[in-house]
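Only a predicted model underlies this, so the values are computations on that prediction, with no experimental measurement involved. Quick note on labels: first sequence line is chain A, next is B, and so on, each numbered from 1.
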Amino acid sequence: MENKLFIYNTLNRKKELFEPINASHVGLYVCGPTVYGDAHLGHARPAITFDLLFRYLTHLGYKVRYVRNITDVGHLVNDADEGEDKIAKKARLEELEPMEVVQFYTDRYHKDMDDLNVRKPSIEPRASGHIMEQMAMIDQLLANGFAYESNGSVYFDVEAYSKKYDYGKLSGRKIEDLISNTRELDGQGEKKNSFDFALWKKAAPEHIMRWPSKWSDGFPGWHMECSAMSQKYLGEEFDIHGGGLDLQFPHHECEIAQSTGAHGHEAVHYWMHNNMITINGQKMGKSLGNFITLSQMFSGENDVLEQAYSPMTVRFFMLQAHYRSPLDFSNDALKAAEKGFKRLMTALATLNKINVSETSTIDAEELTGKCYDALNDDLNTPILIAHLFDGVKTINALAAGNAKIDANNLEKLKTLYQKLIFDVLGLKAEEEANTSNEMLDKVISLLLTTRNEAKKNKDWATADRIRDELTNLGIVVKDTKDGFEWEINK
RNA sequence: GGUCUCUUGGCCGAGUGGCUAGGCAGUGGUCUGCAAAACCAUCCACGGCGGUUCGAAUCCGCCAGAGACCUCCA
């Protein structure tokens, strides 16, 4: 395959030609959700970004193993909760088994991802199912002298690591800066240095989720799971690791330190980070309480929302911005995306009705080249979509008879749109509500047929009355040349 | 406080040292019995002040404003 894909590598802060370790295979790891609540708009960003990457690499002919984890253990809550596990906290509040909570929100997450047409990863490992692997890696770090045990917990020794390797290379941080900038946290007294991080944490008595180990009854530290699971499924060295920009430090920095400390070399060749979703210019986040869940987006049930937005509207909205740019939520922006998406899909339908000519005023090859150039430039979907909209103008001109296209070019154009819109961008036609109710469809068709007969008889009063009454009921009537169309207005 | 990023037209959002981004909205038009929808055309721009340059919105500096990370976070 021709390899022209450039990826922005956070490690070097520049776009680099993507060259996989194995010419035909790609290993991709992405940090997945912590399943203690519904997924919000922010979760959709990495899911869609790396779904796009997964789809594009597959489209290019690579065999991709895409691993996206489920975090169901280990993350500490804020200090008010004294280190209680997030999952355990939720479980206590709702009097459910921790794993019941995990299952509930994992299922909800999967439903949201399906709605967004996000393809399932090849492997979706859970942290709780990989305690052994994490303990083994901790052993390795202890043996290599980059970790120490303290009061039943095990910590990563950042100072020792820094003597040999560069801690902070990913996020551009220096040890000296870290020394003065760490606040007091639970268990600080057990650590040699404030910036050391937990590999294994001894569980407090009230802590429900715990596993026995040689150090203590406890649970793995915040960052172990990704290092251990990526290694297990993708090897000690693999191609791409992705995640949200907010995970760059400390999470990904710690992952690098853990993997390097355990194996003597780095694991990841390309680090990719998607930017944040903001609302009124501020990050959308759980702790800020300003998030909109995906199911709320789809149903419209949130005070911030002026209406419901379909999953494809949300997906298209995100693809219209570059994944490394912050993206601000607003009703106006979503409405614009909704209309734009509709225009694109309408043109796609038009494309199938175009007549072939002997000659062609259209060069499909040129448009194809532009589209792939955009994708190859660090997945520049806004540019790609701009080119697709230029193509929409062309398609409409063809349909109106203002341009000509031969069979060869038409076939190329159709293939291009099919592949890019469905396979790569992962968009899909959304079923109109009217097809879901056959009875309603028949009744309205009857009414509109009657209306058309009235129109033929120039009985405008009757025709308008039917249209107006339907409009009052929330049904929009659209006359066409050979009949009518209708849809339910939201 | 430390590190870093950003500032584009009514809104969203690309890009670039000189050549139309694109979408939505607005305006005008085609179509229609009228409308809606669709389609066509079109207005509006690069935070402020300096500098480099033949030429900068694009490079550099300063100022102003916004944000991210430094703590679980997508």
Side-chain angles (χ1 to χ4, degrees), chain A residues 13 30-34 36 39-50 71 74-79 81 83 86 168 171-174 176-178 180-185 195 222 242-251 253 273-278 281-288 291 316-317 320-322 324-344 346-347 350 374 377 380-390 392-393 396-397 399-400 402 455 458-460 463-464 467-468 471 476-481 484-487 489:
Chain A
R13 316 269 155 163
V30 174
C31 293
T34 304
Y36 65 101
H40 56 75
L41 258 187
H43 292 97
R45 192 107 198 247
I48 289 171
T49 297
F50 295 105
T71 297
H75 284 64
L76 298 172
V77 192
N78 57 44
D79 24 21
D81 296 298
K86 272 183 184 172
S171 54
R173 252 157 261 255
K174 295 185 173 68
E176 307 85 72
D177 297 336
L178 292 170
S180 54
N181 282 315
T182 311
R183 70 170 182 173
E184 289 297 313
L185 282 172
F195 45 74
W222 316 341
L245 195 60
D246 51 347
L247 296 179
Q248 199 178 55
F249 189 91
H251 185 58
E253 201 70 70
H273 293 95
N274 63 273
N275 216 312
M276 302 289 104
I277 299 276
T278 57
Q282 198 184 30
K283 192 175 95 164
M284 188 178 285
K286 195 133 260 176
S287 49
L288 296 167
F291 61 92
F316 189 72
F317 169 66
Q320 269 194 307
H322 186 85
R324 281 192 288 116
S325 298
L327 177 58
D328 195 54
F329 166 88
S330 71
N331 281 286
D332 286 347
L334 263 294
K335 282 180 201 166
E338 184 176 53
K339 290 210 169 184
F341 175 62
K342 200 171 169 188
R343 180 169 148 86
L344 188 61
T346 303
T350 306
D377 183 15
N380 198 328
T381 51
I383 292 291
L384 167 64
I385 290 170
H387 289 317
L388 291 175
F389 273 116
D390 283 342
V392 167
K393 275 202 176 70
N396 288 330
N402 296 329
K455 280 170 69 183
K458 297 193 189 285
D459 179 4
W460 310 128
D464 288 353
R467 183 175 66 194
D468 294 344
T471 303
V476 181
V477 176
K478 303 173 195 173
D479 289 351
T480 60
K481 274 178 188 158
F484 52 78
E485 285 175 6
W486 62 275
E487 67 182 24
N489 195 13

Undergrad: Is the shortest side-chain N/O distance from Ser171(A) to OP1 or OP2 of C4(B) below 4.0 Å?
TA: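 Result: no.
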
Undergrad: Scan Ser325(A) against the nucleic acid and name what it touches under 4.0 Å (heavy atoms): base, sugar-phosphate only, or nothing.
TA: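 Touches sugar-phosphate only.
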
Undergrad: Are any of Lys393(A)'s side-chain N or O atoms less than 4.0 Å away from OP1 or OP2 of A38(B)?
TA: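 Checking Lys393(A) against A38(B): no side-chain N or O falls below 4.0 Å of OP1 or OP2.
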
Undergrad: Restricting to non-hydrogen atoms, name the atom on Ala321(A) and the atom on Pro382(A) that form the minimum distance, rounded to 0.1 Å.
TA: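 Closest approach of Ala321(A) to Pro382(A): C-CG, 3.5 Å.
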
Undergrad: What is the base-pairing partner of C62(B), counting Watson-Crick and G-U wobble geometry with both distances under 3.5 Å?
TA: G48(B)

Undergrad: Considering only side-chain heavy atoms of Ala386(A), which listed nucleotide, A21(B), G15(B), C70(B), is closest?
TA: A21(B)

Undergrad: Pairing check on C19(B): which nucleotide meets the Watson-Crick or G-U wobble criteria with it, both distances under 3.5 Å?
TA: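 Result: none.
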
Undergrad: Where is the tightest heavy-atom contact between Ala374(A) and Leu384(A), given as atom of each residue plus distance?
TA: CB-N, 3.7 Å

Undergrad: For a quick check of understanding: with a heavy-atom distance under 4.0 Å over all strands, which category does Asp464(A) fall into, base, sugar-phosphate or nothing?
TA: base

Undergrad: Taking atom P in both C40(B) and G23(B), what distance in whole Å separates the two?
TA: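 Nearest-Å result for C40(B) against G23(B) at atom P: 9 Å.
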
Undergrad: How many angstroms lie between atom CD of Glu485(A) and atom CG of Asp479(A), to the nearest 0.5 angstrom?
TA: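 Taking CD in Glu485(A) and CG in Asp479(A), the distance rounds to 10.0 Å.
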
Undergrad: C1' atom, U71(B) versus A64(B): distance in rounded Å?
TA: 30 Å

Undergrad: Could you tell me whether Lys393(A) and Asp390(A) have a side-chain N and a carboxylate O separated by less than 4.0 Å?
TA: no

Undergrad: Lys339(A) has an atom NZ; how far is it from atom P of G22(B), in whole Å?
TA: 19 Å

Undergrad: Considering only the P atoms, how many Å lie between G29(B) and U7(B), rounded to the nearest integer?
TA: 38 Å

Undergrad: Is Lys283(A) near enough to C73(B) that one of its side-chain N or O atoms lies under 4.0 angstrom from OP1 or OP2?
TA: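 Checking C73(B) against Lys283(A), no side-chain N or O comes under 4.0 Å of OP1 or OP2.
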
Undergrad: Once you round to the nearest 0.5 Å, how far does CZ of Phe484(A) lie from NZ of Lys455(A)?
TA: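 Between atom CZ of Phe484(A) and atom NZ of Lys455(A) there are 10.0 Å.
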
Undergrad: Measuring only the P atom in each nucleotide, how far is U42(B) from U3(B)? A whole number of Å is fine.
TA: 49 Å

Undergrad: Could you work out the separation of G50(B) and U58(B) based on their P atoms and round it to a whole Å?
TA: 14 Å

Undergrad: Distance check needed: G22(B) C1' versus Leu388(A) CG, whole Å only.
TA: 10 Å

Undergrad: May I ask you to verify whether the side chain of Asp479(A) and the base of A35(B) hold a donor-acceptor pair under 3.5 Å?
TA: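 Yes, the side chain and the base share a sub-3.5 Å donor-acceptor pair.
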
Undergrad: Go nucleotide by nucleotide along RNA chain B from the 5' end; which of Asp390(A) and Gln320(A) gets its closest nucleotide reached first?
TA: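 Closer to the 5' end of RNA chain B: Gln320(A).
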
Undergrad: If we take the P atom in both G10(B) and U27(B), what is their distance in whole Å?
TA: 16 Å

Undergrad: Measure CG/Asn274(A) against P/U5(B) and give the value in whole Å, please.
TA: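 My rounded result for the distance is 18 Å.
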
Undergrad: Separation of Lys335(A) atom NZ from C12(B) atom P, in whole Å?
TA: 14 Å

Undergrad: Hunt down the Watson-Crick or G-U wobble partner of C4(B), both distances under 3.5 Å, from any strand shown, or write none.
TA: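 With both distances under 3.5 Å, C4(B) matches G67(B).
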
Undergrad: Rounded to the Å, how far apart are Leu245(A) CG and A68(B) C1'?
TA: 7 Å

Undergrad: Any base atoms under 4.0 Å from Gln282(A), or only sugar-phosphate, or nothing? Heavy atoms, all strands.
TA: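 If one applies the 4.0 Å heavy-atom cut-off, Gln282(A) turns out to touch the sugar-phosphate alone, with no base involved.
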
Undergrad: Would you measure the distance from the C1' atom in C31(B) across to the matching atom in A37(B) and give it in whole Å?
TA: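 Here C31(B) and A37(B) have their C1' atoms 11 Å from each other.
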
Undergrad: Taking OP1 and OP2 of C40(B), is either one under 4.0 Å from a side-chain nitrogen or oxygen of Asn396(A)?
TA: yes

Undergrad: Hey, is the side chain of Arg467(A) pairing donor to acceptor with the base of A36(B) inside 3.5 Å?
TA: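 Under the 3.5 Å cut-off, the side chain and the base do not form any donor-acceptor pair.
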
Undergrad: Counting heavy atoms from C-beta on, name the nucleotide in G33(B), A74(B), G2(B) closest to the side chain of Trp460(A).
TA: G33(B)

Undergrad: What's the closest nucleotide to the side chain of Phe317(A) if the choices are C73(B), C12(B), G33(B)?
TA: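 Side chain of Phe317(A) sits closest to C12(B).
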
Undergrad: For Leu388(A), which of Ile383(A), Thr381(A), Leu344(A) qualifies under side-chain contact (heavy atoms from CB on, under 4.5 Å)?
TA: Leu344(A)

Undergrad: Under 4.0 Å, heavy atoms only, any strand: does Gly42(A) hit a base, just the sugar-phosphate, or nothing?
TA: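 The residue Gly42(A) makes base contact.
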
Undergrad: Quick one: label Ala400(A) by what it contacts on the DNA or RNA (base, sugar-phosphate, nothing), any heavy atom closer than 4.0 Å.
TA: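 If one applies the 4.0 Å heavy-atom cut-off, Ala400(A) turns out to touch nothing in the nucleic acid.
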
Undergrad: Give one of base, sugar-phosphate or nothing for Ala333(A), where a contact means two heavy atoms less than 4.0 Å apart.
TA: sugar-phosphate

Undergrad: Under the 5.5 Å and 30° test, is Phe389(A) stacked on the base of G23(B)?
TA: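 Base of G23(B): not stacked against Phe389(A).
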
Undergrad: CD1 of Ile277(A) to CZ of Arg45(A): how many Å apart, nearest 0.5 Å?
TA: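 Answer for the CD1-CZ pair, Ile277(A) versus Arg45(A), is 5.0 Å.
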
Undergrad: Would you give the length of the straight line joining atom CZ of Phe389(A) to atom CD of Gln320(A), rounded to the nearest 0.5 angstrom?
TA: 6.0 Å

Undergrad: Within the structure, does a side-chain N or O atom of Thr34(A) lie under 4.0 Å from either OP1 or OP2 of A74(B)?
TA: yes

Undergrad: Tell me what His322(A) touches on the nucleic acid: a base, only sugar-phosphate, or nothing, going by heavy atoms under 4.0 Å.
TA: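 Sugar-phosphate, backbone atoms only, no base.
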
Undergrad: State whether Arg343(A) places a side-chain N or O below 4.0 Å from either non-bridging phosphate oxygen (OP1 or OP2) of C39(B).
TA: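 It does, given that an N or O in the side chain of Arg343(A) lies less than 4.0 Å from OP1 or OP2 of C39(B).
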
Undergrad: Can you tell me how far apart CG (Asn274(A)) and CG (Leu327(A)) are? Round to the nearest 0.5 Å.
TA: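 CG of Leu327(A) is found 11.0 Å from CG of Asn274(A).
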
Undergrad: Measuring only the C1' atom in each nucleotide, how far is C6(B) from C46(B)? A whole number of Å is fine.
TA: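 These two C1' atoms come out 14 Å apart once rounded.
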
Undergrad: Using whole Å, what does the distance between atom P of nucleotide U71(B) and atom CD of Glu253(A) come to?
TA: 13 Å

Undergrad: Contact class for Ile277(A) vs. all strands (heavy atom < 4.0 Å): base, sugar-phosphate, or nothing?
TA: base

Undergrad: Out of G15(B), G33(B), G22(B), which nucleotide sits closest to the side chain of Ala463(A)?
TA: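 So the side chain of Ala463(A) is nearest to G33(B).
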
Undergrad: Sort out the partner of C34(B) for me: Watson-Crick or G-U wobble, both distances under 3.5 Å, none otherwise.
TA: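 Because no pair has both required distances under 3.5 Å, C34(B) counts as unpaired.
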
Undergrad: Please name the nucleotide paired to G10(B) by Watson-Crick or G-U wobble geometry with both distances under 3.5 Å, or report none.
TA: C24(B)

Undergrad: Can you tell me the distance, in whole Å, between the CD atom of Gln248(A) and the P atom of G67(B)?
TA: 20 Å

Undergrad: Out of C11(B), G13(B), C70(B), which has the shortest distance to the side chain of Ser330(A)?
TA: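 The answer is C11(B).
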
Undergrad: Counting heavy atoms from C-beta on, name the nucleotide in G13(B), G22(B), A37(B) closest to the side chain of Lys478(A).
TA: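 In terms of side-chain proximity for Lys478(A), the closest of G13(B), G22(B), A37(B) is A37(B).
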
Undergrad: Would you kindly give the CZ-to-P distance between Phe249(A) and C73(B), to the nearest whole Å?
TA: 12 Å

Undergrad: So, is Asn275(A) close to the A68(B) phosphate, meaning a side-chain N or O under 4.0 Å from OP1 or OP2?
TA: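 No, Asn275(A) has no side-chain N/O under 4.0 Å of OP1/OP2 on A68(B).
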
